[in-house]
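Because only heavy atoms are used, hydrogens play no part in the values below, and waters and symmetry mates are left out as well, while side chains stay in. Atoms within each ligand, like the ligands themselves, are counted from 1 in listed order.
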Amino acid sequence: MTKAVCPGSFDPVTNGHLDVIERAARMFDEVTVAVLRNPSKSSRFTLEERKDMIARSVAHLPNVRVDVFDGLLVKYAQQIGAQVVVRGLRAISDFDIEFQMAATNRKLNSEIETVFMMTDTRYAFLSSSLVRELAAFGGDITKMVPEPVLKYFSR
Ligand code: PNS
């Protein structure tokens, strides 16, 4: 049984994230979407809101669950028995930081493998920060986030 974890801030979860989660759900027996609790970083949505909007967006995926974590990702992965960390890769600009994080995690625990998924080209330039900015200026985000996320912006 291979368990994977998809970690992130998910502020908010986007269609790009969902695409990676859906593909991970086809590859691994169990996938945990893990939302980082980071008190030092201000976020548009509370931890509960972020968790809730993901849970509603992945309700059609029976082997996917949602959780929160703090501290080191590799420690959390070990705690829940996940052998794989899944990250989506968009443009080249993602590579530096992802390479650094994967190398650090590997140093911390070489038994946990990081797997990268190339983002679908439809979502290559999509990010949570772009969605937040568009929404703040009244732009249309309906094609960028899963349907359950929309109502959190109208609160
Ligand atoms: O969605 P994000 O903000 O790109 O996700 C980043 C995340 C949560 C994967 C990363 O910040 C993380 O793993 N934080 C936990 C702390 C940690 O383990 N740091 C060491 C590896 S760099």
Nearest non-hydrogen protein atom, atom 19 (N) of ligand 1: Leu72 CD2, 4.0 Å

Heavy-atom pair of closest approach, residues Ala124 and Thr119: CA-CG2, 3.7 Å

For the 3.5 Å polar cut-off, considering only N or O atoms, please tell me whether Ser9 and ligand 1 meet it. yes

Of the side chain and backbone of Leu73, name the one, both, or neither that has a heavy atom under 4.0 Å from an atom of ligand 1. both

The closest protein heavy-atom partner of atom 10 (C) of ligand 1 is Met101 SD, 3.8 Å

Closer than 4.0 Å: a protein non-hydrogen atom to atom 21 (C) of ligand 1: yes

So how far is it from Glu22 CD to Met117 CE, rounded to the nearest 0.5 Å? 11.0 Å

Could you tell me whether ligand 1 has any atom less than 4.0 Å away from a heavy atom of Gln100? no

Look only at interatomic distance and state if Arg87 has a nitrogen or oxygen under 3.5 Å from any nitrogen or oxygen of ligand 1. yes

Could you tell me whether a side-chain N or O of Gln83 sits under 3.5 Å from a main-chain N or O of Lys3, the two making a donor and an acceptor? yes

Suppose we call two aromatic rings close when their centres sit under 6.0 Å apart. Are Phe116 and Phe99 close by that rule? no

Minimum heavy-atom distance between Pro12 and Arg132, given as atom pair plus value: CD-CG, 4.1 Å

Would you call Gly71 a ligand 1 contact, heavy-atom distance under 4.0 Å? yes

Identify the closest protein heavy atom to atom 11 (O) of ligand 1: which residue and atom is it, and at what distance? Leu36 CD2, 4.2 Å

Test your reading of the model: is there a side-chain donor-acceptor pair from Asp11 to the backbone of Arg44, 3.5 Å cut-off? yes

Donor-acceptor contact present, side-chain Arg90 to main-chain Tyr123, <3.5 Å: no

At under 4.0 Å between heavy atoms, what of Leu108 touches ligand 1? The answer is neither

